[in-house]
Amino acid sequence: GNWVFSANDSSDTMHDQASLEYYWYVDGKSLLSGKSYLESSDVEDVAYRTIYVEVVDDEKPSTIFIILVFPLYEMLLK
């Protein structure tokens, strides 16, 4: 099915909010950056196990990781 994961609720100070950077990874491999959300159509391989987003503040060495773990894709196809 179609889905959307969003990091739009990530927050920082008013000054830094616009400068948050988003990096999306699938099974540890970089997929895309710049968007605060990931759509199912962005992921070509349906056999993924984990998806995570890294939200980076450009002023501080702070990073937020959100990790999503999925059951084996064979289970999803049943």
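Here the structure is a predicted model, which is why all the values come from computation and not from measurement.
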Minimal heavy-atom distance between D27 and R49, with the atoms involved, is OD1-N, 2.8 Å

Test side chain to side chain contact (heavy atoms under 4.5 Å, CB included), reference L38, set Y25, W24, Y52, output is W24

Are Y22 and L32 grouped together when hydrophobic residues (ILVMFWY) are joined by side-chain heavy atoms under 4.5 angstrom apart?
yes

Between S40 and W3 (side chain of the first, backbone of the second, donor and acceptor by atom type, cut-off under 3.5 Å), is there such a pair?
yes

### Message
I'd like to know whether V43 forms a side chain to side chain contact (heavy atoms under 4.5 Å, CB included) with Y48, so could you lay out the CA-CA distance, the side-chain angles of the two residues, the decisive distance to 0.1 Å, and finally the verdict.
### Response
CA-CA 9 Å; V43 182; Y48 54 84; 3.7 Å; yes

Any non-hydrogen side-chain atom of Y23 less than 4.5 Å from a side-chain atom of V56? yes

